[in-house]
Amino acid sequence: AKAQIGVTGLAVMGRNLARNLARHGHTVAVHNRSYGRTKELVEEFGHEGTFLPAETAEQFVASLERPRRVVIMVKAGKATDAVIDEFAPLLEEGDMIVDAGNAHFADTRRREAALKERGLHFVGTGVSGGEEGALHGPAIMPGGSKESYEALGPLLEDIAAKVDGEPCCAHVGPDGAGHFVKMVHNGIEYADMQLIAEAYDLLRQAGGHSPAEIAEVFRGWNSGRLGSYLIEITAEVLGHTDAATGQAFVDVVLDQAQQKGTGSWTVQTALDLGVPVSGIAEAVFARALSGGASVREAAAGLPGPTPSVVGGSLVEDVEQALFASKIVAYAQGFQQIQAASAEYGWDIDPGAMARIWRDGCIIRAKFLEHIRVAYDKAPELQSLLVDDYFLEAVGGAQEAWRRVVVTAAQQGIPAPGFATALAYYDGLRAKRLPAALIQGQRDFFGAHTYRRTDREGSFHVLWAGDRSEVEG
Ligand code: 6PG
């Protein structure tokens with residue numbers, strides 16, 4: 001018998017995807033650069049389903065039914081190109097290579113175009129949910145051709161997480177669309193994590209609560225509108241005690257956040273598209289700031305307040321600030337998806353993205369259902385913030401949100417995520433922005449011209465002359 005699908009690259013993500021496929025009754029060909037891993041997988045988990053272990057790429061390809069579905073799960077970048085170069089010559093027209101790693105969408109576009117010329121489908125696929133998700137049901141975001149989705153979709157939908165029986169998997173759009181959406185998912189993940197971290201910091205420093213108490217607060221929030229995987233695991237992490245010292249775990253971890261790059265890609269791409277994803281950008285920069293050990297050391301003596309405990313309704317206020325800021329971060333991320341969709345002609349359905357993120361992925365959250373509904377009602381929605389549900393939620397939260405940003409500033413507690421989200425909100429709602437002044441400055445030093453509020457056309461003031469206005 002032949003295998004319906006094959007997985008090459010059997011580190012933990014690849015192994016778990018292969019096991020998930022096998023557990024769903026599919027025969028899975030498995031291959032790894034070193035055969036040891038392949039053997040291990042079959043020895044340890046062979047009882048879970050039918051695996052066809054292959055020692056060589058040739059054996060692996062020969063064990064697959066046509067059209068062949070080859071899932072590669074290796075490190076993004078050079079390793080992916082190397083595996084493609086190894087397998088593509090062995091494949092035949094109509095076969096498909098599925099890249100389930102966190103590749104940059106521009107690489108995916110390049111690879112898709114190159115393989116298309118050889119009659120092969122290249123399907124850049126976002127997979128979210130970490131190790132556990134890969135095994136028990138991730139959210140899956142496949143790009144590539146519609147035709148490839150017909151052959152591949154049913155298998156992926158089978159192993160994806162489900163919400164009320166609906167799979168957290170949908171064809172995102174052609175070529176790099178799947179990896180693009182996964183990248184933005186990760187950008188939103190960064191923003192969400194940063195906002196949660198700021199909420200914790202405020203409750204700790206301005207609220208005077210212990211990590212264990214804050215864990216309880218998060219547990220409570222998790223059963224409300226903030227209910228989400230990230231809030232849930234935050235409570236777990238905050239509630240954890242370090243065995244070696246007996247201290248709160250969060251107090252023994254070095255406060256320098258690392259990153260593998262997808263957050264930065266999201267921001268770089270947003271800059272190219274001209275979409276203000278300030279929440280994601282602040283999250284990436286906050287990680288970079290935390291990691292700058294020597295600058296932090298040099299700056300440790302900078303003057304400023306020492307945080308002290310404030311009274312009032314801080315816990316409730318922070319909940320509101322967190323919810324509102326989170327909505328802003330998602331609104332920005334969805335705007336980026338829509339901008340890229342228009343730029344690359346992907347025709348992405350944003351409501352479908354919200355639908356497949358409701359479970360399985362790292363940013364799974366209750367409120368994604370509201371995003372789904374918002375886009376179902378109005379697919380051309382300009383911003384999530386103007387949808388009824390979100391407008392009301394943010395409108396109701398904004399006073400508390402402002403109090404939190406004020407408290408953070410007064411107490412000297414950095415809250416870049418909350419602050420930038422609020423500035424974005426106020427920027428969007430402003431009747432007039434000081435951008436008018438910037439236009440004036442540009443015209444002054446560079447004759448860059450400006451448009452007027454009362455007439456069509458572009459204009460320039462003769463700043464160095466009699467300051468009369470001419471057509472620009
Ligand atoms: C997911 C995660 C996954 C990975 C991140 C972590 O959706 O399952 O996003 O892709 O855990 O890339 O990113 P950092 O190491 O950059 O925090």
Side-chain angles (χ1 to χ4, degrees), residues 9 11-17 19-20 71-77 79-80 98-105 107-108 124-143 156 159-161 168-170 172 176-197 228-234 236-237 253-270 277 279-291 329-330 333 336-337 353-365 368 417:
V12 65
M13 287 296 288
R15 186 184 67 195
N16 283 0
L17 271 185
R19 289 174 60 197
N20 189 349
V71 179
I72 58 180
M73 195 44 138
V74 298
K75 240 186 143 136
T80 304
V98 184
D99 176 10
N102 270 331
H104 193 291
F105 80 99
D107 286 336
T108 302
T125 301
V127 178
S128 178
E131 297 171 23
E132 286 297 296
L135 183 60
H136 299 293
I140 310 181
M141 296 150 248
L156 298 181
I159 62 162
C168 293
C169 172
V172 176
H179 274 144
F180 187 92
V181 162
K182 174 59 179 20
M183 176 189 77
V184 176
H185 164 284
N186 281 25
I188 294 174
E189 170 185 308
Y190 273 54
D192 212 339
M193 292 166 76
Q194 172 64 23
L195 293 169
I196 291 172
S228 60
Y229 174 70
L230 285 170
I231 295 280
E232 181 192 326
I233 64 162
T234 300
E236 293 298 317
V237 174
V253 176
L254 190 70
D255 61 345
Q256 298 178 15
Q258 294 174 291
Q259 46 190 317
K260 288 200 286 284
T262 48
S264 308
W265 291 350
T266 311
V267 180
Q268 283 161 358
T269 308
V277 292
I280 300 170
E282 279 298 350
V284 175
F285 290 145
R287 286 198 195 187
L289 186 149
S290 78
Y330 280 71
Q336 182 174 357
I337 291 175
M353 299 306 101
R355 177 168 59 76
I356 65 176
W357 286 349
R358 286 179 305 171
D359 205 357
C361 64
I362 303 294
I363 64 170
R364 60 186 182 259
L368 280 158

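We count ligands from 1, going down the list as the structure has it; atoms in each ligand are counted the same way. The figures that follow rest on heavy atoms only: side chains count, while hydrogens, waters and symmetry mates do not. Numbers for residues simply follow the sequence, beginning at 1. Keep in mind that what you see is a predicted model, and the values were worked out from it rather than measured.
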Taking 4.0 angstrom as the limit and counting only heavy atoms of G130, give me the atoms of ligand 1 inside it, by number and element. 8 (O)
Contact summary for W357 and M141, nearest pair of heavy atoms: NE1-SD, 3.5 Å
Numbering as shown, the atoms of ligand 1 that approach Y190 to under 4.0 Å (heavy-atom distance): 14 (P), 16 (O), 17 (O)
I356 versus A139, closest heavy-atom pair with distance: O-CB, 3.4 Å
Testing the basics here: between H104 and T269, what is the closest heavy-atom pair and its distance to 0.1 Å? NE2-OG1, 4.3 Å
Pairs of nitrogen or oxygen atoms closer than 3.5 Å, one from S128 and one from ligand 1: do any exist? yes
In terms of atom number and element, which parts of ligand 1 are under 4.0 angstrom from non-hydrogen atoms of H185? 7 (O)
Quick check: closest heavy atoms across S128 and I362, and the distance to 0.1 Å? OG-N, 3.1 Å
S290 and Q256: which non-hydrogen atoms are nearest, and at how many Å? O-CG, 3.2 Å
Short list, please: which atoms of ligand 1 are under 4.0 Å from a heavy atom of G129? 1 (C), 7 (O), 8 (O)
Check ligand 1 against I362 and write out every atom of the ligand that is under 4.0 Å from a heavy-atom position of the residue. 1 (C), 2 (C), 7 (O), 8 (O)
Are any of the N or O atoms of V127 closer than 3.5 Å to those of ligand 1? no
Ligand 1 to R287, heavy atom cutoff 4.0 Å, flagged ligand atoms 14 (P), 16 (O), 17 (O)
Please check if the side chain of R287 supplies one atom and the backbone of V284 the other of a donor-acceptor pair under 3.5 Å. no
Quick one: CG on D192 to CD1 on I231, what's the gap to the nearest 0.5 Å? 7.0 Å
Output yes when a side-chain donor or acceptor of H136 lies under 3.5 Å from a complementary backbone atom of N20, and no otherwise. no
For ligand 1, which atoms sit closer than 4.0 Å to a heavy atom of Q259? 16 (O)
Nearest neighbour in protein (non-hydrogen) for atom 15 (O) of ligand 1: K260 NZ, 3.0 Å
List ligand 1 atoms under 4.0 Å from N186, heavy atoms only on the residue side. 5 (C), 7 (O), 9 (O), 10 (O), 12 (O)
Starting from atom 9 (O) of ligand 1, what is the nearest protein heavy atom, named by residue and atom, and what distance separates them? E189 OE1, 2.6 Å
